[in-house]
Amino acid sequence: MRYNGRWRNLLIILGTAGVVYISFYYLLPLVVPFVFAFVFARAIRPVVEKLHRFSHINEKVCTVLIVVLMLGAAGCFLFYIGYICIGQLTEMLRHTPAHMGGCMQICQRACTGMDNLLGLGAGESYAWVEGCISNMDAQISSTYIPKLTGYIPGMLVTLGEWGAGFVVFIMATLLISFDRDNVLRYRSLMPYIRRLKETGFAYLKAQGIIIFIVAAISALGLYIMGSNYAILFGIVIGVVDAFPVLGSGSILVPWAVFQLVQKDYFQGAVLLTLYVITMLIREIMEPRLMGKELGLKPLYMLISVYVGIKLFGIGGILLGPIGLTILKTTAETSTTTSR
C-alpha cells in the first residue's frame with residue numbers, strides 16, 4: 001500500500017508538472033493582464049478600505065482614486081527614470097567614437113606587447129585584430145542592420161498589444177475591485193491559491209527590493225566614480241544581478257580589471273567595492289526575504305530559476321519558483337490525502 005501511495009503521489013506530481021508547463025506556455029500569455037489585475041486589486045483592497053473608513057467616500061470612488069494615484073505615481077517615476085536613461089544612452093552613443101578610439105589605443109599597445117612576447121613581426125597582431133573588426137563591421141552592415149530594420153513593424157505591433165493589455169489591466173482591476181464576491185469557491189484549489197499568493201508576493205517583493213537597492217547603490221557608486229552614465233549602468237547592473245550565474249560581477253569585475261590595467265586605481269577600487277557590496281546585499285537579503293516566506297531551500301530556488309529561464313525565457317525568473325511552489329504544494333497535499 002505504501003508503494004502504491006508513493007507511485008500515486010509521483011504520478012500526481014508529474015501530471016501537475018505537465019499541466020503547469022502547458023498552462024504557463026500556452027494559457028498564461030492570454031490571461032496575463034487579468035492575473036496582474038487580480039493581484040493588484042487584492043493588494044490595494046486594504047488601502048481602499050482604510051480610505052473609505054477615514055473619508056466616508058463611496059468605496060468605488062476610493063478604488064478609482066487609489067488606482068489612478070498609484071498607477072500615476074508609478075508612471076511618473078518610470079517616465080522620469082526612462083527620460084534620464086535615454087539621455088544618458090544618447091550621450092554615450094554620441095561619445096562612442098571617442099571611447100572606441102581609446103579602446104583601440106589600448107588594444108594596439110597590447111598587440112605590440114604580444115608581438116614582442118611571441119617574436120612576431122611588428123604590427124602582425126594588430127593587423128589580425130583590425131581584420132576581425134573589419135569583418136565584424138561588414139557582417140553587421142550586411143546582416144544584422146537589415147534584420148533589425150525588419151523587426152521594426154513587429155515591434156510596433158508588440159507596443160500596440162502592450163498598450164491594449166495595459167488598458168485591459170486597468171479595466172479588469174476596477175471590475176475586480178468593484179466585485180467583492182469574486183472569491184474562488186473551489187475549496188480544493190484554495191491551498192494552491194494561498195501558496196501562490198504567498199509565493200508571488202514574496203518573490204516579487206524580494207526581487208524588487210533587491211534589484212532596487214543594488215541599482216541604487218551601483219548608481220551612487222558610479223556617480224562617485226565620476227561616470228556620466230551612472231543611472232543607466234546602475235539599472236543595468238541591478239537587473240543583471242537578478243540573473244543566476246551572471247550576477248553583478250559579470251559587469252563590475254571585468255570593468256574593474258580594465259580600469260586597473262589602465263592604472264586607474266581609484267575607479268578600479270570603487271568598482272570592486274561595488275561588487276562586494278552588491279554580492280553581500282543579495283547573499284544576506286535574499287534568504288531573509290524569500291527563504292522563510294517561500295519555505296524553499298536556496299538550491300531549489302536556483303534550480304527553479306534556471307529551469308524557468310530555459311523553458312520560458314526571462315519570464316522564467318518568476319515562473320520557475322511559482323511552478324516549483326505548485327509542485328511542492330501538490331506533493332504536500334497528495335501526501336496528506338494519502339494518509
Side-chain angles (χ1 to χ4, degrees), residues 28-89 158-184 193-194 196-220 223 230-232 234-236 238-239 241-242 281 285 288-290 293 314-315 317-319 321-322:
L28 187 61
L30 303 177
V31 296
V32 164
F34 304 99
V35 173
F36 281 111
F38 180 81
V39 173
F40 185 60
R42 289 306 181 93
I44 66 173
R45 175 168 290 182
V47 182
V48 172
E49 292 177 349
K50 288 182 180 180
L51 179 62
H52 173 63
R53 287 195 301 266
F54 177 77
S55 63
H56 301 290
I57 301 175
N58 183 276
E59 192 168 349
K60 292 185 178 181
V61 176
C62 292
T63 301
V64 174
L65 288 175
I66 294 299
V67 170
V68 170
L69 287 175
M70 293 189 71
L71 293 180
C76 290
F77 176 76
L78 293 175
F79 177 81
Y80 177 71
I81 295 298
Y83 177 78
I84 294 176
C85 290
I86 290 174
Q88 292 185 357
L89 179 61
T158 301
L159 288 176
E161 292 176 350
W162 285 1
F166 182 70
V167 173
V168 171
F169 161 75
I170 295 176
M171 296 176 62
T173 300
L174 294 176
L175 293 174
I176 292 172
S177 300
F178 294 161
D179 183 11
R180 299 184 63 87
D181 298 325
N182 56 10
V183 181
L184 291 175
I193 300 300
R194 193 180 304 113
L196 282 178
K197 183 179 178 181
E198 295 172 359
T199 302
F201 279 115
Y203 193 73
L204 283 175
K205 181 181 71 174
Q207 289 297 338
I209 290 173
I210 294 173
I211 289 174
F212 180 80
I213 293 176
V214 170
I217 291 177
S218 300
L220 179 61
Y223 178 78
I231 294 179
L232 176 63
I235 292 174
V236 172
V239 173
D241 185 66
I281 287 173
M285 295 188 65
R288 293 188 177 184
L289 291 173
M290 291 195 300
E293 295 186 53
I314 296 178
I317 296 177
L318 177 61
L319 297 179
I322 290 179

How many angstroms lie between [atom1] in [X] and [atom2] in [Y], if you round to the nearest 0.5 Å?
{"X": "Lys60", "Y": "Ser177", "atom1": "NZ", "atom2": "OG", "answer": "11.0 Å"}
{"X": "Ile66", "Y": "Glu49", "atom1": "CD1", "atom2": "CD", "answer": "11.5 Å"}
{"X": "Met171", "Y": "Phe166", "atom1": "CE", "atom2": "CZ", "answer": "13.0 Å"}
{"X": "Thr63", "Y": "Leu51", "atom1": "OG1", "atom2": "CG", "answer": "9.0 Å"}
{"X": "Arg45", "Y": "Cys62", "atom1": "CZ", "atom2": "SG", "answer": "13.5 Å"}

Which residues pass the side chain to side chain contact (heavy atoms under 4.5 Å, CB included) test with [X], sequence neighbours left out?
{"X": "Ile84", "answer": "Tyr80, Gln88, Ile231"}
{"X": "Ile81", "answer": "Phe77, Cys85, Ile235"}
{"X": "Ala230", "answer": "Leu222, Tyr223"}
{"X": "Val64", "answer": "Val68, Leu174, Phe178"}

Any side-chain to backbone donor/acceptor pair from His52 onto Asn58? Under 3.5 Å, distance only.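 Looks like no, no N/O pair under 3.5 Å.
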So, do [X] and [Y] sit near enough that their side-chain heavy atoms are less than 4.5 Å apart?
{"X": "Val67", "Y": "Ile44", "answer": "yes"}
{"X": "Phe54", "Y": "Lys50", "answer": "no"}
{"X": "Ile170", "Y": "Leu71", "answer": "yes"}

Between Gly234 and Ser218, what is the shortest heavy-atom contact and its length?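 It is CA-CB, 3.9 Å.
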For Phe40 and Phe169: C-alpha separation, side-chain torsions, deciding distance, then whether ring-ring contact (aromatic ring centres under 6.0 Å, His included) applies. CA-CA 9 Å; Phe40 185 60; Phe169 161 75; 5.8 Å; yes
